Amino acid sequence: MTDFASAAVLPRECSVFSRYLAGIEATPYLVEAYTRGHKYLPARQGTPDALDQALLRLARRGPWCARLADAYARRARPTGILRQKLVLQLAVLESSPPAHAWINSADIGPVPLVLARAAWAVGVSVLSLVAAIVVFGPLHLLAGLRPAGRAA
Amino acid sequence: MRIVVVGSGASGVHFALSALERGHEVILLDVGNQRGTVPAPDATFSQLKDTLPDPAGYFLGLEGEGVVYPASRPSYYGHPPSKHYVFDVPAEFRASAESMEPMFSFAKGGFAEAWTAGCYAFAPEDLTDFPFDYEALRPHYDTVARRIGVGAADDDLARFFPRDASYLPPLPPDPHSAWLLARYAGRRAALNGALGFYLALARRHPEPGARQPAGLHPVRALPLGLPDRFHLPPGSNPHRMRALSGVPVRAGRARHSLRV
């Protein structure tokens, strides 16, 4: 697979990652900045293995799939291509409108409300990780058992 | 007397002005990378994101070269691509260091081109090999702070380590940081008292062998290659810091060497 930096898939990725990370629709500027940023993506130096490719493919399907793939990638592939792309997209979102104000805002409100939001976030993260382990755990084991050079 | 000052950074211009005030003739020389056009110089950090035609290009680099990815080894002194001209190293320059990360400026104007109004006074032991001591320097810190713009605010350790000069007010923090500081200020007394929690910059011991301020623990070495003889508030120690993910704490004395 060599399409991880292809202009054909990047707008779709940008759209999904924008909704996952900031809950907004990607603007043409965000797509353009996200595409430009791929020139220095460290993953361009190598070929993603089977697990990296599977995580990226699932993440492109939609925000909830991205959450699932991200939950697994942050433990199994913390420096992999999916995490690199999410870091790039978050950097673009944080640097430009319309999402930068929301990203840099404080979660202000009554303590019970803030705690409730935090509990919700923790709950979603835990459930995402459990679901991700169910989905990707077997694939990860399978990829690990394959002889070297055949994983991709 | 005719004086040639090499370098027009914060130190160079301060010295040049002092010499001019004493009636000397000054020639100020500098060479290096030239600053480009500053976009929207009056805009705040947040306003830049809304007003620049290509904010991501400005903050991250035109092709994302300023993004710090997982597993990459970022510089401790992170700076945006718009400041690359200050730190772009000439091909013929060589330097290496251990346990520290020295900074070099290659811009006309020196580090003043990337000035953040932060600068720390020498400690007495820094000056043991100089023909003057800390007390001789102390009165001049006020002048330097006023001329080049050094800001400061009291933190929780100010009671143990009083200020060494009359600094300017600190630069205004971004709204998020201002909100956090305001919230902390409302709980400062309780956190300092009941939990022994202090929000402060680590301080260097006033002088070798001096009696340490009551309630503070000496630490042999802190993260980020700082020298020894720093202090942390009660409740903090290197053993606990080692348990924190991503906080490298080296035991023993920090060593450093530099070849230029």
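Computed from a predicted model, the values in this text were never measured in an experiment. Below, chains carry the letters A, B, ... as their sequence lines are ordered, and counting in each starts from 1.
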>> If you count heavy-atom pairs within less than 4.5 Å of chain A, which of B/Ala56, B/Gly64, B/Ser46 leads?
In response: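 Most heavy-atom pairs under 4.5 Å with chain A: B/Ala56.
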> Who wins among B/Leu180, B/Leu48, B/Asp50 for the most heavy-atom pairs under 4.5 Å with chain A?
Replying inline: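 The candidate making the most pairs under 4.5 Å is B/Asp50.
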>> Within a 6.0 Å radius of atom CZ on A/Arg117, are there more than 12 heavy atoms belonging to other residues, nucleotides or ligands?
In response: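 More than 12 within 6.0 Å, yes.
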> Does A/Arg61 CZ have over 12 foreign heavy atoms under 6.0 Å away?
Replying inline: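 No, the 6.0 Å shell around CZ holds no more than 12 heavy atoms from other groups.
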> So, the side chain of A/Arg36 versus the backbone of B/Leu62: is there a donor-acceptor pair under 3.5 Å, distance only?
Replying inline: yes
>> Looking at every non-hydrogen atom in both residues, tell me the closest pair between B/Pro70 and A/Pro78 and how far apart they are.
In response: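 Smallest interatomic distance, heavy atoms only, reads CB-O, 3.3 Å.
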>> Which heavy atom of A/Tyr40 sits nearest to which heavy atom of B/Tyr69, and what is that distance?
In response: O-CE1, 3.8 Å
>> Under 4.5 Å from any heavy atom of chain B, what part of A/Tyr34 do you find: side chain, backbone, both or neither?
In response: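 For A/Tyr34, neither part sits under 4.5 Å from chain B.
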> What distance do B/Lys49 atom NZ and A/Asn104 atom CG have between them, rounded to the nearest 0.5 Å?
Replying inline: 4.5 Å
> Do you know which of A/Gln84, A/Arg83, A/Glu32 has the most heavy-atom pairs with chain B at a distance under 4.5 angstrom?
Replying inline: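 Maximum pair count with chain B is reached by A/Gln84.
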Give every donor-acceptor pair under 3.5 Å between a side-chain atom in residues 86-97 of chain A and any protein atom, sequence neighbours left out.
| residue | atom | partner | partner atom | Å |
| --- | --- | --- | --- | --- |
| A/Gln89 | NE2 | A/Ser18 | OG | 2.7 |
| A/Ser95 | OG | A/Ala91 | O | 2.6 |
| A/Ser96 | OG | A/Val92 | O | 2.6 |

> What residues of residues 121-139 of chain A sit under 4.5 Å from chain B when you count only heavy atoms?
Replying inline: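 Listed by number, there are no contacting residues, so the answer is none.
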